Amino acid sequence: MAWIKSHYCGYLSPSDVGKEVKLTGWIGRRRDHGGLIFIDLRDRSGLAQLVFDQPRGVELFQLAESLRSEYVVAVKGTVIKRTAENINPALPTGEIEIHVSKMEVLNRSKTPPFYIEDGINVDENLRLRYRYLDLRRPEMFNRLQLRHRAAKLARDYLDSYDFLEIETPMLTRSTPEGARDFLVPSRLHPGSFYALPQSPQLFKQLLMIGGVERYFQIVRCFRDEDLRADRQPEFTQIDIETSFFGSENLFALIEGLVALLWKELRGVDLKLPIPRLSYREAMDRYGSDKPDLRYGMELVNLDEPAAESDFNVFKSALDAGGAVRGLLVPGGKRFSRRELDDLTLLARQMGAKGLAWVFVEDEGWRSPISKFFSEPLMNRISETMGAVPGDLMLFVADRWEVSCQVLGQLRRVLAPKNISADPHFLWVVDFPLFHYNEEEERYDSDHHPFTAPRPEDMSLLDSDPLAVRAQAYDLVLNGVEIGGGSIRIHNSDVQKKIFDLLSLTEEESKEKFGFLLEALSFGAPPHGGIALGFDRTVALLAGDDSIRQVIPFPKTAAASCLMTGSPAQVSEKQLDELEISLQETEEEES
RNA sequence: GGAGCUGUGGUGUAGAUGGUUAACAUAUCGGCCUGUCAAGCCGAAGACCGCGGGUUCGAGUCCCGUCAGCUCCGCCA
């Protein structure tokens, strides 16, 4: 029997009744009644019920009796309409079944270690070790399919705007700053190493200088940092770069793309344009540079009333140029002393010196700090916060960033339980160009060293670098950063100046980035771009919390692959060819 | 680098305060069964409780260490 199927199992319908079909797939559940056997035949499309009984041939029936889970078979049979009482409304193909006339077992299978079906509850360990079995589960195949469709939509969309998909090197050079690089030793240059790209950043800029004008790439990136539910050592970006294309054009382009994805893949109509918040405002109102706008609980500025209190913690923070911010927790009276202690601990871990709390009751404040506040002041603060009896108010007084960030973290922890999954997109713009690196005692790029300052802030580069705003932007969805980009520096003098401010010596910047500085001096067009985190985007489209769900073969939290056993040791010969010797591992003496 | 949670037949779980034959469901194997779709009924086999120490007359249970998975902090331009 030829193994080409005439139909997919899951797409058979009453309109196929009477047809002779050829099906291929895997054996799912088997219901053996002795003289009558029902078998769910599964392929990537879904299930169809096969029926075997004695009168249709003893040999075929015996073969059907020998079938076990995950055997691979090809069958030929007739699509039959089920009688009314035998219809299974829970199954898309529940109105029909296949009366098999011929069957070939193409392969047998060991008993799988877990059920090949949706909604299973097994250790992720097992799923990762047997990922190929996990991928047979419909919900996993659907994720692969969703990912494919998202990629295809993005490609076609960008193609329609004249973007070219262009590949860039995977073996490139290590650059300072940014994440830790994955290094690849060079055999032809012993002692030298390639780095896998953290992103194609420099290459896409060089493509702009190369006259491409509109580039994109759905590309793997590598960062040797610790993992999270939304971070893998290798991940995929939709990487975009354009020339002669200001940030407004870029926003419109990306908004069109995400609207297309959500429309086609989720049936959701996004309201465009996507709202924008400056970094400053996002921090001030939500305590985060990627706020989740699906719920309120905005932070409240209490600088003025706090200054009038006798509470030294508030006053000294304000005197030092800091800020006092409040977070209202509606109905927060249910919090126990112990839960408050946990919140305080969290606040301390986030860098706050402490956390002040106030229960608002009918009689007024119940709080360890109430003695520092007059009655009118307490009322004024409650009013500013919008608090009513039964609510809990949390206050942090510290440096502005700390006050905001700590309460922003608490806002996330204390978020309402049943927030909708509706997509709330947001652009966060006007990031600072630099932040101060206390450890290294120098300025670091907030985004990356090729980000252009806002033109009106250029003069601040010399006087107050930390006040310079960048032409950088992040795309945020429901509290998740799904993309970020910037307008780049296209002038070699400005680029030199930035390198200088980053405390890169002329020698260093020439050594590491000389090719870029030279390229910028040959008529570099104004350009800029963005990269969307493809794994995160697909995970959000799929409604998953972890990007591992939408990556076919992901790594564990310790960055290993449980299926292949990578990373693994290599042979002496391989190391010799690379002139690499391993250090003796130090045995602990105890 | 740090913190927390988890680890018991193939799988998912139960095993208060330490007590001798580690329980249940499901899967598996065998038998019966012609309308099931989580098929049903009967029976069988299957676990040295992640690993290594320790405390104890006695450890799945308590202690220490270690490994693995997950989550978070640091880290991620």
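None of the values given here were measured: they were computed from a predicted structure. Note that these values count all heavy atoms, side chains included, but never hydrogens, waters or copies made by symmetry.
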* Quick one: label Leu227(A) by what it contacts on the DNA or RNA (base, sugar-phosphate, nothing), any heavy atom closer than 4.0 Å. =>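 No contact.
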* Pick base, sugar-phosphate or nothing for Asp446(A), based on heavy-atom distances below 4.0 Å to the nucleic acid. =>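 It contacts sugar-phosphate atoms only.
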* Syn-anti status, with the boundary at 90° from 0, for the nucleotide A16(B) ->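 Syn for A16(B); the angle stays within 90° of 0.
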* **Salt-bridge present (Arg131(A), Glu124(A); N to O < 4.0 Å)** =>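 No salt bridge links Arg131(A) with Glu124(A).
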* Going by an N to O cut-off under 4.0 Å, is there a salt bridge joining Arg442(A) and Asp444(A)? ->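 Looking at Asp444(A) together with Arg442(A), the answer is yes, because their closest N to O distance falls below 4.0 Å.
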[atom1] of [X] versus [atom2] of [N]: gap in Å, rounded?
X	N	atom1	atom2	answer
Asp444(A)	C75(B)	CG	C1'	13 Å
Asp123(A)	U13(B)	CG	P	8 Å
Ile116(A)	A38(B)	CD1	P	18 Å

* Can a donor-acceptor pair under 3.5 Å be found between the side-chain atoms of Arg31(A) and the base atoms of U34(B)? ->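 Side chain to base: no pair below 3.5 Å.
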May I ask which nucleotide in the shown strands pairs with [N], Watson-Crick or G-U wobble, both distances under 3.5 Å?
N	answer
C70(B)	G4(B)
U56(B)	none
G9(B)	none
A39(B)	none
A44(B)	U28(B)

Taking only N/O atoms, report every protein-nucleotides 7-9 of chain B pair under 3.5 Å with atom names and distance.
none

* Nearest of C75(B), U71(B), C37(B) to any side-chain atom of Arg228(A)? ->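 Of C75(B), U71(B), C37(B), C75(B) is nearest to the side chain of Arg228(A).
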* To do: Give a yes-or-no answer on whether the side chains of Gln205(A) and Gln201(A) include a donor-acceptor pair shorter than 3.5 Å.
  =>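 Yes - a donor-acceptor pair under 3.5 Å links their side chains.
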* To do: State whether the aromatic ring of His33(A) stacks on the base of G35(B), taking stacking to mean ring centres under 5.5 Å apart and ring planes under 30° to each other.
  =>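 No, the aromatic ring of His33(A) does not stack with the base.
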* Asked: Using the P atom in both, what is the distance from A25(B) to C42(B), to the nearest Å?
  ->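 Their P atoms lie roughly 11 Å apart.
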